[in-house]
Amino acid sequence: MVKTYSSNFISTTIENHLKEGKYKEVITRFPPEPNGYLHIGHIRAITLDFEMAKLFNGKTNLRFDDTNPTKEDIEFVNSIKEDINWLGYKWDNLFWASNYFDELYNRAIILIKKGLAYVDDQSAEEISRTRGTLTEPGIESPFRNRSIEENLSLFERMKNKEFPEGSKVLRAKIDMASPNMNMRDPVIYRITYTSHHNTGDKWCIYPMYDFAHPLSDAIEGITHSLCSLEFEDHRPLYDWFVRECEMENTPTQIEFGKLYLSNTIISKRNLRKLVEEKYVDGWDDPRLATIRGLRRRGYSPEALKEFVFDTSVSKTNAVVDYQQLEHYIREDLKLSAPRTMAVLRPLKVIITNYPEGQVEYLDEPINKEVPEMGMRKIPFSREIYIEQDDFMEVPIPKYYRLYPGNEVRLANAYFIKCTDVIKDEKGNITEIHATYDPETKSGSGFTGRKVKGTIHWVDAKHNIPCEIRLYDHLTIENEETKDLPVFEKLNPNSLEILNGYVETDLKDVKPYDKFQFNRHGYFVVDPKDTKDNKIVFNRIVSLKSSFKI
RNA sequence: AGGACUAUAGCCAAGCGGUAAGGCAAUUGGCUCUGAACCAAUCAAUCGAGAGUUCGAAUCUCUCUAGUCCCGCCA
């Protein structure tokens, strides 16, 4: 069954448009600016753009909004494409806003000819100063009433590189007294002598977002232009440009709330700082909420998408608890990941009554939830490793695992009873001695007596040493602020590296293979790191709180 | 002379005039060869506040309050 959004205010709006005949088909677009890596916050926008179109058998374009050469880099283009593909989406067309520069220029001329745009010679600082404030109207530019002929000529000369950067802009002539700041004669073209990745040095004037975006949408025949809440105030301007530039198609802009995760760093600026100042391994560090990070962390696109689909779309910016995301990851892995025993912090146990030199192979279900996955054979002998915290010399109340005199089950094997605790001269526990009961073999149907605890183990001779990384999400104490001391509040325990053991049949493991290490949670084979030929496992997510001690 | 938007449990939310869905989290039991999973039960007597309209209001109206966004030649 293919999951998608259940109906939401966007889908019902689109449905109504179709019903009323406002549009005959649905075309959406995902319009990233190539100036950074995609992160979890983008997934809602991506899925909404693609899924809404899919719902109505429409199309979705990928359009790079590359109207500002000073901030953009082709480096990001490929990563964005890769991430969208990884999420499982295919765009119907790949477009660039920069491909519309000629058309946009001509539309600006239409505006000038209608007396709705003018060249302003004021400096950026003057324009800013005369824009007014939130509570006071702006002041009209002294250049606002230039003749159409003069504006036409000036604009052409701007294009012809006759004026220095910053000396002139083209502005829409709307209303300097509008309560909506966006309508106070917005700048629509600025002069920038920066080479553009696509158009090179052909242009020195570049259109602003507010002008380029609605017209690009109209040019492509976009019907529904989905964007985030902060663009609500831009909608009147969006409609104004589409109307006054006499575009044939009239797209509808619909705004939705963004999706944030609690205490998670998501802003491009802070993400970049983390990477550049080497707080993390790179853009794909498993602790980051970038799409690449989540991927390397072991999250699947399906889990991510289900999470986003089930987190209803509304007009509030939602801050969702991380545990909500983790729930979907566990749900996904529960039925797909093979189970295996692993010991992260080893403690040796010698089973004193087990014959020396004997090895037997026991059956272990690969995933009890999914019997079709079958069984595997695991070696068992006299010496094994168990988890350090599965033993307590002095048990606390309600501790069901191993302690002197207590009997527990070794999963898939036998009951063992702790007989001795061996320590070094410093008093540290070095090994445990235990006895086993052959009658209690797993699968034998033994019912003679019961034990309260079952613990996991790995054979001490037959195993694979590996490096295990326990990642936590890189969190900050409070919601992300604009101030940088944020980095002093980073979770210091975001990475713990352990050397442990896994079962022998994991030796042919491949990058991105996922497993459940029983109680320890779900793990993925890291695609990048191999330490001394050791397998490196990243913890994807832990199981839900295990011990209520 | 400010404007736009939002407000339903710890978090995300459905609801659109007929008497408060669901998910996450939490709590309590049960079960268990993973203290997981699973199963069962519990979890909104101010739906931001107040007033009004109505037989009936979370839903309509008014006023207020709180939060978010808007004063880039960024997107």
Side-chain angles (χ1 to χ4, degrees), chain A residues 6-8 31-33 35 65-68 70-72 120 122-125 127-138 165-171 177-184 186-192 205-206 208-210 212-213 227-236 255 257 259 262 307 310-328 330 334-335 339 341 364-365 368-369 398-401 408-415 440 442-443 446 450-456 516-521 542-549:
Chain A
S6 46
S7 77
N8 56 47
E33 184 187 19
N35 70 346
D65 234 334
D66 54 347
T67 56
N68 183 358
T70 64
K71 295 211 169 174
E72 293 147 12
D120 196 339
Q122 294 184 106
S123 68
E125 187 270 328
I127 289 178
S128 168
R129 185 157 38 77
T130 54
R131 189 166 0 245
T133 68
L134 299 178
T135 53
E136 298 158 29
E165 197 162 302
S167 61
K168 285 180 168 40
V169 292
L170 184 70
R171 290 229 256 174
S178 172
N180 182 343
M181 299 295 290
N182 297 300
M183 302 300 271
R184 319 240 265 227
V187 171
I188 58 185
Y189 267 95
R190 78 285 212 177
I191 301 173
T192 304
I205 56 170
Y206 292 95
M208 301 287 290
Y209 166 87
D210 277 319
H213 201 89
C227 65
S228 47
L229 245 28
E230 69 264 31
F231 291 102
E232 275 180 320
D233 285 345
H234 296 245
R235 187 168 3 113
E255 309 85 10
L259 206 188
S262 56
F307 162 70
D310 286 356
T311 305
S312 331
V313 183
S314 67
K315 295 201 75 165
T316 55
N317 287 320
V319 182
V320 181
D321 288 344
Y322 226 115
Q323 42 198 12
Q324 179 118 358
L325 205 209
E326 293 188 331
H327 165 79
Y328 285 88
R330 291 191 189 99
K334 185 166 73 186
L335 298 178
R339 316 288 157 96
M341 297 201 287
E364 178 187 23
K368 258 187 280 184
E369 309 274 333
K398 296 212 169 171
Y399 186 81
Y400 300 140
R401 289 166 283 164
V408 297
R409 172 172 286 285
L410 291 177
N412 307 300
Y414 301 94
F415 283 8
T440 60
S442 180
F446 175 81
K450 288 203 157 200
V451 289
K452 289 282 266 182
T454 300
I455 64 175
H456 303 102
Q516 187 197 126
F517 290 170
N518 293 310
R519 248 178 11 230
H520 299 299
S542 60
L543 260 25
K544 292 221 304 194
S545 60
S546 294
F547 310 114
K548 303 164 191 166
I549 296 176

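Protein chains get the first letters and strands the later ones, always in sequence-line order, with residue 1 at the start of each. Heavy-atom basis, side chains included; hydrogens, waters and symmetry copies ignored.
Qualifying side chain to side chain donor-acceptor pair (under 3.5 Å) partners for A:Asn317, counting only residues two or more places apart in sequence or in other chains: none. Applying the salt bridge (Lys or Arg N to Asp or Glu O under 4.0 Å) test to A:Lys334 and every residue at least two apart in sequence or in another chain returns A:Glu331. In this view, A:His234 and A:Phe231 satisfy the ring pair (Phe, Tyr, Trp, His ring centres under 6.0 Å) rule, not counting sequence neighbours. Residues forming a side chain to side chain donor-acceptor pair (under 3.5 Å) with A:Thr316 (at least two apart in sequence, or on another chain): A:Ser314. When the salt bridge (Lys or Arg N to Asp or Glu O under 4.0 Å) test is applied to A:Glu232, the partners found at least two apart in sequence or on another chain are A:Lys315. Residues satisfying the side chain to side chain donor-acceptor pair (under 3.5 Å) test with A:Asp233, not counting sequence neighbours, are none. Residues satisfying the side chain to side chain donor-acceptor pair (under 3.5 Å) test with A:Glu230, not counting sequence neighbours, are A:Ser228, A:Lys258. By the ring pair (Phe, Tyr, Trp, His ring centres under 6.0 Å) test, A:Phe415 pairs with A:Phe446, sequence neighbours left out.
Taking atom C1' in both B:U8 and B:U54, the straight-line distance is 22 Å, to the nearest Å. Distance check on atom P: B:C39 versus B:C31 gives 16 Å, rounded to whole Å. Taking the C1' atoms as reference points, B:A40 lies 27 Å from B:A45, given to the whole Å. B:U46 and B:A58 have their P atoms separated by 12 Å, with the value rounded to a whole Å. For the P atom pair drawn from B:G15 and B:A4, the interatomic distance equals 25 Å after rounding to whole Å. The same atom, C1', is picked in B:C73 and in B:U68; the two are 27 Å apart, to the nearest Å. Nucleotides B:A7 and B:C64 place their C1' atoms 14 Å apart, quoted to the nearest Å. Comparing B:A9 with B:C5, their P atoms sit 22 Å apart, to the nearest whole Å.
The interatomic distance linking A:Ile188 (CD1) with B:A75 (C1') rounds to 17 Å, in whole Å. The nearest whole Å value for the distance from the CG atom in A:Asn182 to the P atom in B:C5 is 14 Å. B:U32 atom C1' lies 12 Å from atom NE2 of A:His456, rounded to whole Å. Between the CD atom of A:Gln324 and the P atom of B:C12 there is a distance of 10 Å, rounded to whole Å. Taking atom CG of A:Leu134 as the reference point, atom P of B:A4 lies 13 Å away to the nearest angstrom. In this structure, CG of A:Asp321 is placed 8 Å from C1' of B:G10, rounded to the nearest angstrom. Taking atom CE of A:Met181 as the reference point, atom P of B:G3 lies 14 Å away to the nearest angstrom. The separation between A:Gln122 atom CD and B:G72 atom P is 14 Å, rounded to whole Å.
Considering only heavy atoms from C-beta on, A:Ser167 comes within 4.5 Å of A:Ile191 through its side chain. Side chains of A:Glu364 and A:Ser442 form no contact here, defined as non-hydrogen atoms less than 4.5 Å apart. Inter-residue side-chain proximity for A:Pro186 and A:Met208 is flagged as unmet; no heavy-atom pair is nearer than 4.5 Å. For the pair A:Leu259/A:Phe307, a side-chain contact is recorded, criterion being any heavy-atom separation below 4.5 Å from C-beta on.
Taking syn as a glycosidic angle within 90° of 0, B:G72 qualifies as syn.
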Protein-nucleotides 13-16 of chain B N/O pairs closer than 3.5 Å?
from, atom 1, to, atom 2, distance (Å)
B:A13, OP1, A:Ser314, OG, 2.8
B:A13, OP1, A:Thr316, OG1, 2.8
B:A13, O2', A:Ser312, OG, 3.1

Which protein N or O atoms sit under 3.5 Å from an N or O of nucleotides 63-67 of chain B?
none

Where do N or O atoms of nucleotides 37-41 of chain B meet protein N or O atoms at under 3.5 Å, pair by pair?
from, atom 1, to, atom 2, distance (Å)
B:A37, O3', A:Lys334, NZ, 3.4
B:A37, O2', A:Glu369, OE2, 3.0
B:C38, OP1, A:Lys334, NZ, 3.1

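Closest to the A:Gln323 side chain, of the nucleotides B:A1, B:C33, B:C24, is B:C24. In the set B:C33, B:A1, B:A75, the nucleotide with an atom closest to the side chain of A:Ser442 is B:C33. For A:His327, taking side-chain heavy atoms from C-beta onward, the closest of the listed nucleotides B:C73, B:G23, B:G2 is B:G23. The listed nucleotides are B:A36, B:A4, B:U32; the one nearest the side chain of A:Asp233 is B:A4. Set against B:A36, B:A75, B:A1, the side chain of A:Leu543 has B:A36 as its closest nucleotide. Closest to the A:Glu232 side chain, of the nucleotides B:C33, B:A4, B:C71, is B:A4.
Put simply, A:Ser128 has a side-chain N or O that comes within less than 4.0 Å of OP1 or OP2 on B:G72. For A:Arg131 and B:C73, the shortest distance from a side-chain N or O to OP1 or OP2 is below 4.0 Å. The side chain of A:Arg129 places no N or O atom within less than 4.0 Å of a non-bridging phosphate oxygen (OP1 or OP2) of B:G72.
A side-chain donor-acceptor contact under 3.5 Å links A:Arg409 to the backbone of A:Thr440. Side chain of A:Arg184 to backbone of A:Ser178: a donor-acceptor contact under 3.5 angstrom is found.
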(request) Take A:Glu255 and A:Arg235, measure what salt bridge (charged side-chain N to carboxylate O under 4.0 Å, His left out) needs, and give me the verdict at the end. (result) CA-CA 9 Å; A:Glu255 309 85 10; A:Arg235 187 168 3 113; 2.7 Å; yes

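Residue A:Glu136 places no side-chain atom within donor-acceptor reach of the base of B:G2, judged by atom type and a 3.5 Å distance cut-off alone.
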(message) Give the dot-bracket line for RNA chain B from 5' end to 3' end: parentheses for intra-strand Watson-Crick or G-U pairs under 3.5 Å, square brackets for crossings, | for inter-strand pairing, dots for unpaired.
(response) .(((((((.[[[..)..(...]]].(((((.......))))).....[[[[[..)....]]]]])))))).....

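In terms of position along RNA chain B, the nucleotide closest to A:Arg184 lies nearer the 5' end than the nucleotide closest to the other residue of the pair A:Arg184 and A:His213. Two residues, A:Phe231 and A:Gln516, neighbour RNA chain B, and the one matched to the more 5' nucleotide by heavy-atom proximity is A:Gln516.
Exactly one residue among A:Arg171, A:Arg129, A:Lys168 makes a side chain to side chain contact (heavy atoms under 4.5 Å, CB included) with A:Gln122. That residue is A:Arg171.
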